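Read through the structure below, which is laid out as structure tokens, and then see the notes.
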Amino acid sequence: MGRRRRSRVQYCKGELIEREDFAEDLAAFRFRVDKQLPFIPGQYATIGFQVGEKIVQRPYSIVSSPHEPFMEVFVELVPEGETTPLFWELKLGDSVFFRERLVGRFVLDTESGMTRHVMAGTVTGAAPYISIARTQKIEQEQGKASPHQMLAIVGASRSWELGYYMDELNELASQEEWFTFVPTVSRPWEDPEWQGESGRAEDVVRKYGDQLGMDHTNAVVYACGHPQMIENAKAIWARARFPEERIKEEKFFVIKE
């Protein structure tokens with residue numbers, strides 16, 4: 001028998017076409033990729049940078065919808081990391097590498113039969129939810145049904161850390177009955193003009209879920225972002241009798257890359 005050949009990792013190039021800095025350590029990046037990369041909303045892309053003779057790469061959740069003609073990511077700078085400082089060096093027209101295979105299991109649960117979804121995130125942890133919501137909006141405009149009700153609760157230290165995603169999600173919530181958005185700020189004393197919800201995302205998930213009648217009998221719950229938020233939210237949902245198989249998580253590690 002012959003030896004099994006290892007599959008070669010395939011890359012394509014992505015050209016930076018838009019960049020928006022929300023804070024010193026938070027920014028959105030849009031790339032024009034030279035090959036169509038199919039994915040399911042909620043999955044992630046592995047993005048690489050040429051460093052010497054090797055490609056240094058890390059996974060990043062995708063913000064854009066598969067129906068959009070670009071790939072968008074929301075990145076938090078980790079100064080001691082290998083890749084995020086390289087994002088901060090990018091200028092319009094610069095290129096990065098995308099692995100052609102996009103993967104991940106943190107996608108909308110369409111197998112449980114539930115059509116209500118409670119989504120908790122911290123800052124860049126909003127990325128998969130934005131992709132999911134954008135996709136349902138686009139498909140609705142294409143004439144497809146929108147059966148899924150979504151509650152997205154996104155926490156940040158200060159409101160401006162969510163940049164233009166704050167406006168996008170607020171606008172979507174004002175337009176669509178199927179989408180509810182609750183931004184919450186954990187340091188309101190540093191954001192004196194903020195008039196919205198205060199506290200961490202996990203502090204208010206039960207409150208808004210209960211208000212909308214999304215409970216263990218009819219909903220799937222999701223937590224994405226900071227590991228401690230995820231553990232806290234999972235504990236809250238467990239006490240609220242959500243079964244383990246309907247509690248989904250995607251951890252973003254901010255200490256090391």
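Everything numeric in this text was worked out from a predicted model, so none of it was measured.
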message = Are Val63 and Val154 connected into the same hydrophobic cluster when the rule is that any two of I, L, V, M, F, W, Y join if their side-chain heavy atoms are below 4.5 Å apart?
response = yes
task = Answer yes or no: is there an ion pair linking Lys234 with Glu202, defined by an N-O contact shorter than 4.0 Å?
result = no
request  = Give a yes or no on whether the backbone of Val78 and the side-chain of Thr84 come within a donor-acceptor separation of less than 3.5 Å.
outcome  = yes
message = Quick check for you: to the nearest 0.5 Å, what is the distance between Ile138 atom CD1 and His67 atom NE2?
response = 6.0 Å
request  = With Arg30 as the cation and Phe70 as the aromatic partner, state whether NZ or CZ is under 6.0 Å from the six-membered ring centre and within 45° of the axis.
outcome  = yes
key: Arg246 side chain vs His216 backbone, donor-acceptor pair below 3.5 Å   = yes
ask   = Phe98 and Tyr11: aromatic ring centres closer than 6.0 Å?
value = no
query = CD of Glu72 to CD1 of Ile62: how many Å apart, nearest 0.5 Å?
reply = 11.0 Å
request  = Verify, without hydrogens or angle tests, whether Glu20 (side chain) and Ala28 (backbone) share a donor-acceptor contact under 3.5 angstrom.
outcome  = no
query = Does Gly213 offer a backbone N or O that forms a donor-acceptor pair with the side chain of Arg116 under 3.5 Å?
reply = yes
message = Using every non-hydrogen atom in the two residues, find where Glu197 and Val182 come nearest and quote the distance to one decimal.
response = CB-CG1, 4.3 Å
request  = I would like to know whether Tyr60 and Thr83 meet side chain to side chain donor-acceptor pair (under 3.5 Å); could you show each step before the answer?
outcome  = CA-CA 11 Å; Tyr60 294 91; Thr83 57; 2.5 Å; yes
task = State the CD1-CZ distance between Ile17 and Arg32, to the nearest 0.5 angstrom.
result = 5.0 Å
inquiry  = Please give me the minimum heavy-atom distance between His117 and Asp109, naming the atom from each residue.
reply    = CE1-O, 3.4 Å
ask   = Is the backbone of Asp215 close enough, under 3.5 Å, to the side chain of Asn218 for a donor and an acceptor to pair up by distance?
value = yes
inquiry  = Assess the residue pair Met214 and Leu151 against the criterion (side chain to side chain contact (heavy atoms under 4.5 Å, CB included)); give the C-alpha distance rounded to whole Å, side-chain angles, the decisive distance to 0.1 Å, and a yes or no.
reply    = CA-CA 9 Å; Met214 297 183 175; Leu151 164 61; 3.9 Å; yes
query = Around Gln175, counting heavy atoms of other residues, nucleotides and ligands shown, do more than 12 lie under 6.0 Å from its CD?
reply = yes
message = Looking at Gln136 and Ile132, would you say the former's side chain and the latter's main chain have a donor-acceptor pair under 3.5 Å?
response = no
ask   = Phe74 vs Tyr165 aromatic rings, parallel, tilted or perpendicular, using cut-offs 30° and 60°?
value = tilted
query = What is the distance from atom CZ of Arg105 to atom OH of Tyr44, rounded to the nearest 0.5 Å?
reply = 9.5 Å
message = Please report the interatomic distance CZ(Arg187) to OG(Ser157), rounded to the nearest 0.5 Å.
response = 4.5 Å
remark   = All heavy atoms of Met71 vs all of Ser64, minimum pair found to be CA-OG, 3.5 Å
ask   = Is it true that a side-chain atom of Glu68 and a backbone atom of Ser65 form a donor plus acceptor pair closer than 3.5 Å?
value = yes
query = Between Phe49 and Val96, what is the shortest heavy-atom contact and its length?
reply = CE2-CG1, 3.5 Å
message = Check this for me: does any side-chain nitrogen of one of Lys251 and Glu231 sit under 4.0 Å from a carboxylate oxygen of the other?
response = yes
Short side-chain to backbone donor-acceptor contact, Lys144 and Glu141, under 3.5 Å = no
query = Under 6.0 Å between ring centres, would you say that holds for Trp88 and Phe29?
reply = yes
ask   = How far apart are the closest heavy atoms of Ala156 and Glu161, and which atoms are they?
value = CB-OE1, 3.5 Å
request  = Check the angle between the aromatic planes of Tyr129 and Phe106 and answer parallel, tilted or perpendicular using the 30° and 60° thresholds.
outcome  = tilted
ask   = At what distance, to the nearest 0.5 angstrom, does CD of Glu171 lie from CZ of Phe181?
value = 12.5 Å
query = Backbone N or O of Lys91 within a donor-acceptor pair of the Asp94 side chain at under 3.5 Å?
reply = yes
inquiry  = Check this for me: Glu244, atom CD, are more than 12 non-hydrogen atoms of other residues, nucleotides or ligands nearer than 6.0 Å?
reply    = no
message = If you compare all heavy atoms of Asp34 against all heavy atoms of Cys12, which two are closest, and at what distance to 0.1 Å?
response = OD1-CB, 3.0 Å
query = Would you say Thr122's side chain and His226's backbone share a donor-acceptor pair under 3.5 angstrom?
reply = yes
